[in-house]
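Data first, discussion second: the structure below is written as structure tokens.
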Amino acid sequence: QVQLVESGGGLVQAGASLRLSCAASGRTFSRYAMGWFRLAPGKEREFVAAISRSGSSTYYADSVKDRFTISRDNAKNTVYLQMNSLKPEDTAVYYCAADLWGNGSGSQHEYDYWGQGTQVTVSS
């Protein structure tokens, strides 16, 4: 079992930055890849970013590339999502997820465990 707890969401104005954190427990953190997804009202959950077990490889959705950065600290069992230049269309509940068997994927079906989510609201 893996437990994931997100934090760092909030209400910000367009152009601001936020850093989301996801604390993991239950298994050796460095042995699984991590991803961030988001769910906006009226839309399907979509991929945001993923990172490999070691952190050497990262993947991004086109909509966030060059604005968001995913990173991980295996010593702290935590994955981060630094979000810069936020836009109103980034408003969503953000979820972190653990992929126990792969090494970073944009497909939510590859992920085995999910956090409860943290709300990010960007006002115009």
Side-chain angles (χ1 to χ4, degrees):
Q1 291 284 348
V2 174
Q3 293 78 42
L4 303 171
V5 179
E6 302 97 334
S7 61
L11 170 63
V12 297
Q13 291 189 330
S17 298
L18 276 177
R19 188 176 82 155
L20 305 184
S21 299
C22 173
S25 61
R27 286 198 181 192
T28 304
F29 183 66
S30 61
R31 292 186 179 177
Y32 46 90
M34 295 293 296
W36 286 96
F37 292 78
R38 65 187 182 186
L39 179 61
K43 296 185 177 181
E44 296 185 352
R45 187 164 58 186
E46 64 174 0
F47 169 71
V48 175
I51 189 166
S52 61
R53 299 183 190 99
S54 68
S56 60
S57 297
T58 56
Y59 312 90
Y60 296 94
D62 289 342
S63 59
V64 307
K65 202 172 295 183
D66 299 328
R67 298 189 298 123
F68 290 11
T69 303
I70 188 171
S71 62
R72 67 190 296 162
D73 186 336
N74 286 348
K76 294 184 178 180
N77 293 352
T78 302
V79 63
Y80 304 97
L81 185 67
Q82 177 66 43
M83 305 186 295
N84 299 329
S85 303
L86 282 162
K87 304 175 181 180
E89 51 263 44
D90 294 318
T91 295
V93 177
Y94 283 71
Y95 299 89
C96 67
D99 175 4
L100 269 59
W101 304 106
N103 204 21
S105 170
S107 171
Q108 58 185 301
H109 303 293
E110 298 293 323
Y111 291 82
D112 305 284
Y113 294 95
W114 294 81
Q116 293 300 306
T118 185
Q119 176 71 48
V120 172
T121 303
V122 184
S123 64
S124 57

key: Spacing of CG belonging to L100 relative to CZ belonging to R31, to within rounding of 0.5 Å   = 11.0 Å
message = Just by distance, no angles: are the side chains of E89 and T91 close enough, under 3.5 Å, to form a donor-acceptor pair?
response = no
ask   = Could you give the distance from CE (M34) to CG (L81), rounded to the nearest 0.5 Å?
value = 11.0 Å
remark   = In short, G104 meets A33 closest at the heavy-atom pair N-CB, 3.2 Å
message = Would you say the ring centers of W36 and F68 fall short of 6.0 Å from each other?
response = no
ask   = Are Y113 and Y32 in one and the same hydrophobic cluster, where Ile, Leu, Val, Met, Phe, Trp and Tyr link if side-chain heavy atoms are under 4.5 Å apart?
value = yes
ask   = Just wondering, do Y59 and K65 contact through their side chains at under 4.5 Å, heavy atoms?
value = no
key: Single-linkage hydrophobic cluster, 4.5 Å side-chain cutoff, V122 and F37 together   = no
Single-linkage hydrophobic cluster, 4.5 Å side-chain cutoff, I51 and Y94 together = yes
inquiry  = Between S52 and S57 (side chain of the first, backbone of the second, donor and acceptor by atom type, cut-off under 3.5 Å), is there such a pair?
reply    = yes
query = Out of curiosity, S85 OG to R67 CZ, how far, rounded to the nearest 0.5 Å?
reply = 7.0 Å
request  = State whether the number of non-hydrogen atoms from other residues, nucleotides or ligands found under 6.0 Å of Q116 atom CD is greater than 12.
outcome  = no
inquiry  = Checking the side chain of N74 only, and the main-chain atoms of S30 only, is there a donor and an acceptor separated by less than 3.5 Å?
reply    = no
key: Under 3.5 Å side-chain donor-acceptor pair for D99 and S105   = no
Carboxylate-amine/guanidinium proximity below 4.0 Å for D90 and K87 = no
request  = Would you check if there is a donor-acceptor pair between the side chains of Y80 and R19 at a distance under 3.5 Å?
outcome  = no
key: Linked, directly or transitively: V120 and F47 (ILVMFWY side chains, under 4.5 Å)   = no
ask   = Can you tell me how far the CD atom of Q13 sits from the OG atom of S123, to the nearest 0.5 Å?
value = 5.0 Å
request  = Ignoring hydrogens and angles, state whether a donor on the side chain of Q1 or R27 is under 3.5 Å from an acceptor on the partner side chain.
outcome  = no
ask   = Taking the side chain from Q108 and the backbone from E46, do they hold a donor-acceptor pair closer than 3.5 Å?
value = no
inquiry  = Can a donor-acceptor pair be found, under 3.5 Å and without considering hydrogens, that links the side chain of Y95 to the backbone of G35?
reply    = no
ask   = Going from CG on L20 to CD on Q82, what distance comes out if it is rounded to the nearest 0.5 angstrom?
value = 9.0 Å
message = Is it the case that the side chain of R53 and the backbone of G102 share a donor-acceptor pair, with hydrogens and angles ignored and the cut-off at 3.5 Å?
response = yes
message = Hydrophobic clusters here meaning ILVMFWY residues chained together by side-chain heavy-atom distances under 4.5 Å, can you tell me if F29 and W101 are in one?
response = yes
request  = Please check if any side-chain donor atom of S56 sits under 3.5 Å from a side-chain acceptor atom of S54, or the reverse.
outcome  = yes
inquiry  = Working note: N84 + S17, criterion side chain to side chain donor-acceptor pair (under 3.5 Å); need CA distance, chi angles, decisive distance, verdict.
reply    = CA-CA 4 Å; N84 299 329; S17 298; 2.9 Å; yes
message = Using 0.5 Å steps for rounding, measure from the CD atom of E44 to the CZ atom of R38.
response = 14.0 Å
key: Any side-chain heavy-atom pair of Y60 and V48 under 4.5 Å   = no
